[in-house]
A.B. asks: 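I'd like to ask you about the structure that follows.
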Amino acid sequence: MGMSIRRLAAACGAEVIGADLVRPLDAAAVQQIHRALGEHGVLLFRDAGITPEQHIAFSRQFGPLEAHVVGEFHLAGHPEVFVVSNVREEGRLKGAVYAGQYWHSDLSYMSKPSLGSLLLCREMPEVGGDTMWANMYLAYETLSGPMKRFLGGLKAVHDYSHAYDTYFAALKERPPLTPEQKAKTPPVEHPVIRTHPVTGKKALYVNPGFTTGFAGMPEEESRPILDFLFRHATRPEFIYRHKWSVDDLLFWDNRCTMHYALADYDFTVRRHMHRTTLAGDEPF
Ligand code: SIN
């Protein structure tokens, strides 16, 4: 049986029906998924029920994987799997707690940011804990002509430490990055408007999690424009919000979306996810 693609929302997101998550895909299926990813930004595969090894093997068909810079969040024996979790066992957290509870695009702070991420739901509260994605093509396309031209000539600075200095500042479970981790993630610059290598479409490429300002501009000039762009990009009509079921696998494109994990659930209830992260290219 071939695969079919069904849109989930007006903004972005589609469900892939009939994909084999266990056996290798043929080249045409890999290409179809790459294309659908670039077009829809987020792909849902239901009832994935796969092991960490199968999750890694499925993900690798779309490119090499990236290990996260904070090694203690890796799944034991599987450095390719980044664990996002509030679960504690014997007093120890099993993964990154409070991860992604702000708008961001994975690894935008690297010189070659991630192409995409594949998040597998292992445990989820009955209500709450949804994830939202914003369509950054729409964010770009709905800007005025003069704003598009202005931003088209700019680069933005992305810095992983920013998330630690702001969103994690008061959280003892997320201590500051170590000097070694900081050395691996120096601030980098990327075009504010990037072109998607598969669809050829332009997307806004700044995010509240990691973007600190525009290259060559002082904070007082950058901040109001960034604040406007973040408000604009997260307009409700640009958003797909996913209510997770256990075994949902969501594959999103970090080049044309940003995402936000909602912290609206009871933190004594387990929310446990496994993520693989695809390496990417330098944005252009
Ligand atoms: C992430 O940003 O990768 C985590 C998203 C989530 O937990 O929903």
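Given the structure is predicted, the values throughout are model-derived calculations rather than measurements. One-based numbering, in listed order, for ligands and for the atoms of each.
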A.B. asks: List in chain and number order the residues that pass side-chain contact (heavy atoms from CB on, under 4.5 Å) with Thr178, two or more places apart in sequence or in another chain; answer none if no residue qualifies.
C.D. replies: Glu180, Gln181
A.B. asks: Between Trp252 and Asn254, is there a side-chain donor-acceptor contact under 3.5 Å, judged purely by atom types and distance?
C.D. replies: yes
A.B. asks: State plainly whether the residues Arg231 and Asp227 are in salt-bridge range, i.e. N to O under 4.0 Å.
C.D. replies: no
A.B. asks: Please check this pair: side chain of His274 against backbone of Pro52, looking for a donor-acceptor N/O pair closer than 3.5 Å.
C.D. replies: no
A.B. asks: Test question: given the 4.5 Å side-chain rule for I, L, V, M, F, W and Y, name all other residues clustered with Leu229, or answer none.
C.D. replies: Trp103, Met132, Met136, Tyr140, Leu143, Met147, Phe150, Leu151, Leu154, Val192, Ile193, Leu204, Val206, Phe214, Met217, Ile225, Leu226, Phe228, Phe230, Ile239, Met258, Tyr260, Leu262
A.B. asks: Enumerate the residue pairs fulfilling salt bridge (Lys or Arg N to Asp or Glu O under 4.0 Å) with a member in residues 203-215, sequence neighbours excluded, ordered by first and then second residue.
C.D. replies: none
A.B. asks: May I have the N/O to N/O pairs between ligand 1 and the protein that fall below 3.5 Å, each with atom names and distance to one decimal?
C.D. replies:
{"from": "ligand 1", "atom 1": "2 (O)", "to": "His104", "atom 2": "NE2", "distance (Å)": "3.0"}
{"from": "ligand 1", "atom 1": "2 (O)", "to": "His259", "atom 2": "NE2", "distance (Å)": "3.0"}
{"from": "ligand 1", "atom 1": "3 (O)", "to": "Arg275", "atom 2": "NH1", "distance (Å)": "2.8"}
{"from": "ligand 1", "atom 1": "7 (O)", "to": "Arg271", "atom 2": "NH1", "distance (Å)": "2.8"}
{"from": "ligand 1", "atom 1": "7 (O)", "to": "Arg271", "atom 2": "NH2", "distance (Å)": "3.4"}
{"from": "ligand 1", "atom 1": "8 (O)", "to": "Thr131", "atom 2": "OG1", "distance (Å)": "2.5"}
{"from": "ligand 1", "atom 1": "8 (O)", "to": "Arg271", "atom 2": "NH2", "distance (Å)": "2.8"}

